[in-house]
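Since this is a predicted model, take the numbers as computed values, not measurements.
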Amino acid sequence: LKECLCPCLSPDMSTMTADEMPQEVKAIKDWIVANKPFMLDVRSAGEVASNNIPGVLNISIQELNAGALAKAKEAANGKPLGIYCASGGRSRMAVDLFSQQNYPCFNCHTVDTIKYIFRVSPDAKQAAGVA
């Protein structure tokens, strides 16, 4: 399973319980729990400033050159990368870049998807090692 193709989350996701989790989002949660990834946010610094997840490395997709790819791999310390952005498009591009280097990664879709998963599934949050 390389990436999630789930649609953008609806505004009511903020009140949705774990039992109501859409199947596509459950697949992301299950991947996080099973793989204990290092999380990478590929949104711009401005986007991250207004809506972030503490403890997650941010390298914007525009900055993902060879040096930044190496920095992300070094920070991940051998863990697979769980990559997300605002809508899933930039994270898909980043997954393609890391996959070309045979580095294990997964498109975790959106920051709102990840925030929802971490809210309803503490085991996923713990597996990802974020605050």
Side-chain angles (χ1 to χ4, degrees):
L1 189 60
K2 185 175 177 182
E3 66 178 281
C4 170
L5 299 175
C6 58
C8 292
L9 298 176
S10 62
D12 63 353
M13 181 72 74
S14 64
T15 60
M16 197 176 285
T17 67
D19 294 334
E20 299 168 314
M21 186 180 294
Q23 191 61 36
E24 297 88 350
V25 176
K26 184 179 181 317
I28 297 170
K29 179 196 75 84
D30 291 346
W31 183 86
I32 290 171
V33 170
N35 291 279
K36 298 176 178 48
F38 183 83
M39 301 302 290
L40 175 64
D41 184 340
V42 294
R43 297 176 300 146
S44 71
E47 289 172 292
V48 171
S50 66
N51 183 16
N52 74 336
I53 298 175
V56 172
L57 178 64
N58 169 241
I59 302 174
S60 75
I61 191 69
Q62 293 83 5
E63 296 172 347
L64 271 181
N65 56 27
L69 289 168
K71 176 184 174 183
K73 289 192 278 188
E74 181 180 328
N77 196 27
K79 292 182 176 184
L81 291 170
I83 305 172
Y84 65 88
C85 62
S87 67
R90 289 173 285 182
S91 55
R92 188 177 320 111
M93 291 169 45
V95 164
D96 289 344
L97 289 170
F98 282 101
S99 294
Q100 289 170 9
Q101 296 190 4
N102 296 316
Y103 196 86
C105 55
F106 187 80
N107 185 354
C108 291
H109 204 58
T110 73
V111 64
D112 292 330
T113 300
I114 298 303
K115 281 186 165 188
Y116 165 73
I117 290 170
F118 289 171
R119 180 177 60 81
V120 301
S121 180
D123 58 332
K125 186 174 183 178
Q126 181 179 6
V130 296

* Structure fact -> Closest heavy-atom pair, Ser50 versus Glu47, reported as atoms and distance to 0.1 Å, is OG-O, 3.1 Å
* Honestly curious: do Tyr84 and Val120 fall in one hydrophobic cluster under the side-chain, below-4.5 Å linking rule? -> yes
* Asked: Would you find a donor on one side and an acceptor on the other, under 3.5 Å apart, between the side chain of Tyr116 and the backbone of Thr17?
  -> yes
* To do: Following the transitive rule for hydrophobic clusters with a side-chain heavy-atom cut-off under 4.5 Å over Ile, Leu, Val, Met, Phe, Trp and Tyr, establish whether Leu57 and Ile83 coincide in one cluster.
  => yes
* Identify the heavy atoms of Lys79 and Lys36 that sit nearest to each other, and give their distance. => CD-O, 3.4 Å
* Asked: Counting N and O atoms only, with roles assigned by atom type, does the side chain of Arg43 sit under 3.5 Å from a partner on the main chain of Asn51, one being a donor and the other an acceptor?
  -> yes
* To do: Search all heavy atoms of Trp31 against all heavy atoms of Gly82 and return the closest pair with its distance.
  => CZ3-CA, 3.9 Å
* Minimum heavy-atom distance between Asn65 and Ala68, given as atom pair plus value -> OD1-N, 2.8 Å
* What's the spacing between Leu81 CG and Ser91 OG if we round to 0.5 Å? -> 12.0 Å
* To do: Tell me whether Val48 is reachable from Val130 by hopping between hydrophobic residues (I, L, V, M, F, W, Y) whose side-chain heavy atoms are closer than 4.5 Å.
  => no
* **Gap between atom CD of Gln62 and atom CG of Leu64 - 0.5 Å precision** => 9.0 Å
* Measuring from Met21:CE to Thr113:OG1, what's the distance to the nearest 0.5 Å? -> 10.0 Å
* Are Ile61 and Phe38 connected in the hydrophobic side-chain network, where two residues link if heavy atoms are under 4.5 Å apart? -> yes
* Please determine if Asp96 and Arg92 form a salt bridge, counting it only when a charged side-chain N lies under 4.0 Å from a carboxylate O. => no
* Which is it for Ile32 and Phe106 under the side chain to side chain contact (heavy atoms under 4.5 Å, CB included) test, yes or no, and what are the steps along the way? -> CA-CA 9 Å; Ile32 290 171; Phe106 187 80; over 6 Å; no
* Which pair of non-hydrogen atoms, one from Gly88 and one from Asn107, has the smallest distance, and what is that distance? -> O-ND2, 3.4 Å
* To do: Measure from the side-chain N and O atoms of Asn35 to the backbone N and O of Pro37, and report whether any donor-acceptor pair falls under 3.5 Å.
  => no
* Asked: So do the side chains of Ile53 and Met39 get within less than 4.5 Å of each other, counting heavy atoms only?
  -> no
* Is Gln101 close to Lys73 at the side-chain level, that is, under 4.5 Å between some pair of heavy atoms? -> yes
* Is there a side chain to side chain contact (heavy atoms under 4.5 Å, CB included) between Ile28 and Ile114 once you walk through the steps? -> CA-CA 9 Å; Ile28 297 170; Ile114 298 303; 4.2 Å; yes
* Do the charged groups of Glu63 and Lys71 touch, with an N to O distance under 4.0 Å? -> no
* Asked: Can any side-chain N or O of Arg90 pair as donor or acceptor with the backbone N or O of Ser60 at less than 3.5 Å?
  -> no
* **Value rounded to 0.5 Å, distance of NZ in Lys26 from CD in Glu20** => 15.0 Å
* **Point-to-point distance, once rounded to the nearest 0.5 Å, from CG of Leu40 to CZ of Phe98** => 5.5 Å
* To do: Taking Ser121 for its side chain and Phe118 for its backbone only, find out whether a donor-acceptor pair lies under 3.5 Å.
  => no
* Asked: Which pair of non-hydrogen atoms, one from Tyr103 and one from Ala76, has the smallest distance, and what is that distance?
  -> OH-CB, 3.4 Å
* Asked: Does the Asn58 side chain pair with the main chain of Asp41, one donor and one acceptor, at a distance under 3.5 Å?
  -> yes
